[in-house]
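Please read the structure below before turning to the comments.
So that the names make sense, note that chain A is the first sequence line, chain B the second, and so on, each numbered from 1. Because the structure is predicted, anything quoted here is derived from the model rather than measured.
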Amino acid sequence: MTPEQLSQALVDVLTALVDAGDVTLPDGVPAEVRVERPKSKEHGDYATNVALQLGKKAGVNPRDLAQLLADRLVAVDGVSAAEIAGPGFLNIRVDAGTQGVLAGTIVEAGAAYGHTTDAAGRSINVEFISANPTGPLHLGHTRWAVVGDAIARVIEATGATVTREFYINDRGVQMDHFGRSLMARAHGQEPPEDGYHGGYVADLAEKIVEAQPGILDLPDDEQLVAFREAGYVLQRGEHEAELSEFHTDFDVWFSERSLHESGAVERAFARIEEQGRLFEDGGALWMRTTDFGDDKDRVLRKSDGELTYFASDTAYYVDKRDRGFDPCIYLLGADHHGYVGRLKAMAACVGDDPQQQLEVLIGQLVKILSEGQELKLSKRAGTIVSLRELMDLIGVDALRYTLARYPADTPLTLDVAEMTKKSNDNPVYYVQYAHARLSSILRNAADLGIAVDAAAYDASLLTHEREGALLRALAELPRVVARAAELREPHRVARYLEDTASTFHKFYDECHVLPRGDEDATDLHRARLVLVAATRQVVANGLTLLGVSAPERM
RNA sequence: GCCCCCGUAGCUCAGUCGGAUAGAGCGACCGCCUCCUAAGCGGUAGGUCACAGGUUCGAUUCCUGUCGGGGGCACCA
């Protein structure tokens, strides 16, 4: 019996009570009754506080209502006991024998186990990182890469179509600063004050000169453009290559320039006009975002005729919506949280419901310590911790997992030494080790000629306490994934994996899976082997949702 | 000044769509490998869930205020 089935059984029992006239619920029977796994074993396999919640509405003492529920619930197939505790909790035990069926179900579902259809038919856009193509990706981007990609993965697991998008700010004065900095370095000079001073600039300049020896002889204005464009291509290519190596692949790399070339900006302006939120003042073109709670109206085109960055953002949003995305999710760093109000107001100004179509997730900043000293992240200062360095130092799996196991909206302090330890100090190895151990058992079983037969094992033999605990852990995956997707909190998957790995290791410690020595394989061995195969599948599916590999051996 | 996030064990952090004894890892201490991977398992120690009110049968969780830490408030990009 899975939590979903138990939840449904409770709804059915409530409905029966209402139909029988035993209980009157003014608001009707709730569509869903939540069951949770109690912290304490004495509270059964599952528990619900539904009687406490409904007691008042029904005008019944919660304990009495719980008793009514319990009386009918014990008659349900798969439920072995239901008892009332405390003020009206209902503690439920499920039949140990029938629980084991889940193992076969999971093995047969394979990679699809844990997926739901909650968001089927939806098309969702997740934009993240969107770093300027004027320098390397750093630690902050690394966090958004992991979190954004994992969010996309868990949402996909609920049946939606997800487009991962990277917006490239390839237009504006920063690009010119970049070009001037490259040019200066190529001529052996210091970049200008407001330019880029990182060591990577000289490296890029050198590459550019190598590829285009004639570039240094071009007139200054042409040379600047040539450096800027060549640097852009190199830097953007590096972003893409590094992210790909980091298992973060984007579906769309969206150029800001293309918005201006495609007429998207004009279309967006027309949309705002249509909504009556466009006006001119002092020679500038404005959007009346204050109609929707923004602190002040925003300029789209300055009085000198230049379009603002916000004009691009608006056009970009309209373009996404025209491509059918609902919602458009933005992952922004905490340093951009001041931007949220105007983005929401902008969505309203083009006629959308900002609560529905535009969703902004704010990620807090990451600090990284090495031997007690904070490594600074400033891109311009040049002392950056880059994605490249982090991958080389820590490894893709450990880096991804470490960043994925915390909620994005909490500030984070990481220690290089802890992340690089190749031991269970790092939870990624704890989880991966479980997968390797599981794989090893399956290999050994194959060597012994014992097949995993998900269709014909005796599920009723899986009655050991540790087997029950493991089965109940495996049953949680769909709920965990659905919740992670709904809340955009993929770290829940990581925490779940750690919990499940622990439950497995405890099972392993007490329940020997395969025959020892000369023993013959029994039905219990075969049943446990199916459980092992199911567990391996669950761990693998969970790691996949985080973009972390599931090694067969360690 | 206004707005946002945060304050949970020595450290790094979970948990909180209100629930029954507040969790994990690290760090400290003590046990377990003739047996499927000891990167494992078991145990001990460690907390006024920042503080004060409020709502509730019940608050670490929701509301208000205070204190402390971080960030943001451009016809910038």
Geometric cation-pi criterion A:Arg236 and A:Trp253, 6.0 Å radius, 45° cone: yes

From the set B:G40, B:A20, B:A39, return the single nucleotide nearest to any side-chain atom of A:Met554. B:A39

Protein-nucleic acid N or O pairs under 3.5 Å, nucleotides 54-59 of chain B:
unit_1, atom_1, unit_2, atom_2, d
B:C57, OP1, A:Lys56, NZ, 3.4

What nucleotide among B:C36, B:A77, B:U21 has an atom nearest to a side-chain atom of A:Gln174? B:A77

Both A:Arg553 and A:Asp335 contact RNA chain B. Taking the nearest nucleotide for each, which residue is further toward the 5' end? A:Arg553

If only side-chain N and O atoms of A:Lys302 are considered, is one of them under 4.0 Å from the OP1 or OP2 phosphate oxygen of B:C76? yes

With respect to the side chain of A:Tyr433, which nucleotide from B:U37, B:U21, B:C35 is positioned closest? B:U37

Would you indicate what A:Gly172 reaches in the nucleic acid, counting non-hydrogen atoms under 4.0 angstrom: base, sugar-phosphate, or nothing? sugar-phosphate

Looking at A:Val146, A:Asp397, A:Leu497, A:Val431, which hits side-chain contact (heavy atoms from CB on, under 4.5 Å) with A:Val548? A:Asp397

Rounded to whole angstrom units, what separation is found between the CZ atom of A:Arg143 and the P atom of B:C13? 9 Å

Return whichever of A:Asp409 or A:Gly86 has its heavy-atom-nearest nucleotide of RNA chain B closer to the 5' end. A:Asp409

For the side chain of A:Arg437 and the base of B:C36, is some donor closer than 3.5 Å to an acceptor across the two? no

Pairing stems for RNA chain B [at least three consecutive pairs; Watson-Crick or G-U; under 3.5 angstrom]: B:1-7 with B:67-73, B:10-13 with B:23-26, B:28-32 with B:40-44, B:50-54 with B:62-66

For the side chain of A:Ile441, starting at C-beta, report the closest nucleotide among B:C36, B:G18, B:A39. B:C36

From B:G15, B:U21, B:C13, nucleotide with atom closest to A:Arg492 side chain: B:G15

Residue that, paired with A:Tyr316, satisfies ring-ring contact (aromatic ring centres under 6.0 Å, His included) out of A:Tyr330, A:Phe166, A:Phe254: A:Phe254

Hey, does A:Arg301 reach any base, or is it just sugar-phosphate, or nothing, if we go heavy atoms under 4.0 Å? nothing

Check every strand shown and say whether A:Pro407 touches a base, only sugar-phosphate, or nothing at a heavy-atom separation below 4.0 Å. sugar-phosphate

Any ion pair linking A:Glu498 and A:Arg405 (charged N to carboxylate O, less than 4.0 Å)? yes

Given B:A39, B:G42, B:C13, which nucleotide is nearest the side-chain atoms of A:Lys506? B:G42

Answer yes or no: is there an ion pair linking A:Arg526 with A:Asp453, defined by an N-O contact shorter than 4.0 Å? no

Exactly one of A:Val265, A:Leu307, A:Thr308 should register a side-chain contact (heavy atoms from CB on, under 4.5 Å) with A:Arg301. Which one does? A:Leu307

Regarding A:Ala334, tell me which of base, sugar-phosphate or nothing describes its non-hydrogen contacts under 4.0 Å with the strands shown. sugar-phosphate

Hey, is A:Arg443 close enough to A:Asp447 for a salt bridge, meaning N to O under 4.0 Å? no

With no angle test and no hydrogens, is the base of B:A77 tied to the side chain of A:Tyr339 by a donor-acceptor pair under 3.5 Å? yes

Tell me which nucleotide among B:C41, B:A39, B:A74 gets nearest to the side chain of A:Lys296. B:A74

Closest listed nucleotide, where the reference is the side chain of A:His336 and the choices are B:G42, B:C36, B:A77: B:A77

Confirm from the modelled atom types if A:His337 and B:G72 form a donor-acceptor pair under 3.5 Å, side chain to base only. no

Quick one: is B:A14 close enough that its OP1 or OP2 comes under 4.0 Å of any side-chain N or O from A:Thr410? yes

So, is B:C36 syn or anti if syn means the angle is within 90° of 0? anti

Test: A:Arg528 cationic atom under 6.0 Å from A:Tyr457 six-membered ring centre, within 45° of axis: no

Honestly, is A:Arg288 close enough over A:Phe279, meaning NZ or CZ under 6.0 Å from the six-membered ring centre and within 45° of the axis? yes

Closest to the A:Tyr508 side chain: B:C36, B:G72, B:A14? B:C36

What is the distance, rounded to the nearest whole Å, between atom CZ of A:Phe310 and atom P of B:C73? 14 Å

Is A:Arg228 positioned over the aromatic face of A:Phe178, cation under 6.0 angstrom from the ring centre and no more than 45 degrees off axis? no

Proximity to the side chain of A:Ser303 - top-ranked nucleotide from B:C75, B:G15, B:U37: B:C75

Closest heavy-atom pair, A:Val154 versus A:Val481, reported as atoms and distance to 0.1 Å, is O-CG1, 4.2 Å

Separation of B:C75 atom P from A:Asp295 atom CG, nearest Å, is 12 Å

Which part of the nucleic acid, if any, lies within contact of A:Ala47, taking any heavy atom under 4.0 Å across all strands shown: a base, the sugar-phosphate backbone alone, or nothing? base

